[in-house]
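When a residue number appears, it is its place in the shown sequence, counting from 1. This structure is a prediction, so every number in the text was calculated from the model and none was measured.
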Amino acid sequence: KEHIAEVASFTSTDTTEIENFRIKYLGQKGLLKEFFAAFKEVPNEDKKEFGQVVNTLKNTAQDKVNALKEAMESSAETAGVYGDLSRPGAPIEIGSRHPISLVKNKITQIFSRIGFNVSEGPEIEDDWHNFTALNLPEYHPARDMQDTFFIQTDPDVLLRTHTSSVQVRYMEDNQPPIRTISPGRVFRNEAISARAHCFFHQVEGLYVDKDVSFADLKQTLQYFTTEMFGKSKIRLRPSYFPFTEPSAEVDVYWGLETEIDHKITKGTGWLEIMGCGMVDPNVLKNCGIDPEIYSGFAFGMGIDRIAMLLHQVPDIRMLSENDIRFLEQFKSSF
Ligand code: PHE
């Protein structure tokens, strides 16, 4: 009976120890052989109990040996597959954000701090949202400003040429006060070169409320360019867009030395970065907003151009070629 206790409490992960244990109990000259041999000499009245005890001992010993061997094999397998589990892991390659996303996120963050939300819309648009609602009726010559990709079979279906289409959708669905930023990809049928592509990215902004004035627009743009480019000078040049009146083009002064993100960048003078203006009353009316009560301003800028400026990218095509050597350079940015 003491043997049963000993067998039950035995444990080892060592092959030799386990083998010695097996030989001691279950071997040719092992204890169990001895006990079975001694069976004859046990008095008849004790035979039953003796037999039971010896059988239990045999089964316990056999089970023990099997269990220990199995445990050893599976831990050897684990070690083979995973190696030393206490070793530090191999470093994981972390990707980088695309420069377009970096700039887009920065722009939307700057405007979210003054109460603008983000709105999105479809890249495949209809004529109404991309042109007609924006005061650009059919045959209006200003449509030529934006060379458009049409779906051949249906002149009403096109790839949006600007995200002003999202602003139309937003005004149709929401009454003022409206403060919204619409980032997205846009398409124009242009020859591809280092400076132009047939698709690029925009962020457009819209603010509609009571008593919104041109002064509000100017101050908002000054706030934006300061946050985006650091202390900066801007100038507004009169311009024309069918959906705004008056309209202006915004230039930012890229001084000879500008500090951006602690880096000194060599500038080239005045640079055009966006279009803007007071929303034409016709556009408000087309979108179900009463121009007698409300006024608003809108602006739109190209993300690609700004990303190229900030990160000194010489060719717009690099932004869509997905060359890993290019993309890797943005790892430290976030
Ligand atoms: N939608 C114009 C463009 O794509 C930009 C713009 C937006 C101009 C809003 C004025 C007001 O060129």
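Under a 4.0 Å N-O distance rule, the pair Glu6/Lys24 qualifies as a salt bridge. The existence of a salt bridge linking Asp251 and Arg235 is confirmed by a sub-4.0 Å separation between a basic side-chain nitrogen and an acidic carboxylate oxygen. Remark: Glu17 does not engage Arg22 in a salt bridge, criterion side-chain N to carboxylate O under 4.0 Å. Salt-bridge annotation for Lys29 and Glu34: absent, with no side-chain N of the basic residue lying under 4.0 Å from a carboxylate O of the acidic one. Under 4.0 Å is where a charged nitrogen must lie from a carboxylate oxygen, and between Arg169 and Glu125 at least one such pair does. Using a 4.0 Å cut-off between charged side-chain N and carboxylate O, Lys106 and Glu227 make no salt bridge.
Asn117 and Thr180 share a side-chain donor-acceptor pair at under 3.5 Å. Checked by atom type, the side-chain pair Glu172/His129 shows a donor-acceptor distance below 3.5 Å. No hydrogens or angles considered: nothing links the side chains of Ser165 and Asn130 as a donor-acceptor pair under 3.5 Å. Counting only N and O atoms by type, the side chains of Ser295 and Asp211 include no donor and acceptor under 3.5 Å apart.
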- Message: Between Phe111 and Phe299, does the ring pair (Phe, Tyr, Trp, His ring centres under 6.0 Å) criterion hold? Intermediate values first, please.
- Response: CA-CA 12 Å; Phe111 281 104; Phe299 54 87; 5.1 Å; yes

- Item | Full working for side-chain contact (heavy atoms from CB on, under 4.5 Å) between Asp156 and Asp126 | CA-CA 5 Å; Asp156 191 40; Asp126 52 38; 4.0 Å; yes

- Query: Are Phe149 and Phe187 close enough, and set up right, to give a ring pair (Phe, Tyr, Trp, His ring centres under 6.0 Å), and what steps lead you there?
  - Reply: CA-CA 7 Å; Phe149 286 116; Phe187 307 83; 7.2 Å; no

- Give the intermediate values and the outcome of side-chain contact (heavy atoms from CB on, under 4.5 Å) for residues Val250 and Met274. CA-CA 5 Å; Val250 183; Met274 66 173 119; 3.6 Å; yes

- Before giving the answer on side-chain contact (heavy atoms from CB on, under 4.5 Å), spell out for Val208 and Phe297 the whole-Å C-alpha distance, their side-chain angles and the decisive distance to 0.1 Å. CA-CA 7 Å; Val208 184; Phe297 66 70; over 6 Å; no

- Item | Chi angles and distances behind the side chain to side chain donor-acceptor pair (under 3.5 Å) call for Ser182, Ser119 | CA-CA 5 Å; Ser182 316; Ser119 50; 3.1 Å; yes

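In summary, the aromatic rings of Phe39 and Phe35 are positioned with their centroids too far apart to meet the 6.0 Å limit. With ring centers used as reference points, Phe243 lies under 6.0 Å from His162. A distance of 6.0 Å or more separates the ring centres of His140 and Phe131.
No side-chain heavy atom of Val166 sits under 4.5 Å from any side-chain heavy atom of Glu204. Between Leu284 and Asp290, every side-chain heavy-atom pair lies at or beyond the 4.5 Å cut-off. Residues Leu221 and Thr225 are not in side-chain contact: their nearest non-hydrogen atoms beyond the backbone lie 4.5 Å or more apart. Counting heavy atoms from C-beta on, the side chains of Thr163 and Val203 never come closer than 4.5 Å. Using a 4.5 Å heavy-atom threshold, the side chains of Pro183 and His201 count as separate. Within the 4.5 Å cutoff, the side chain of Leu319 has heavy atoms near those of the Phe326 side chain. Between Tyr223 and Lys218, every side-chain heavy-atom pair lies at or beyond the 4.5 Å cut-off. Side-chain atoms of Arg97 and Asn105, non-hydrogen and from C-beta on, do get closer than 4.5 Å to each other.
Annotation: ring-ring contact (aromatic ring centres under 6.0 Å, His included) contacts of Tyr294 (sequence neighbours excluded): none. Residues that satisfy the side chain to side chain donor-acceptor pair (under 3.5 Å) test with His98, not counting sequence neighbours, are absent from this structure.
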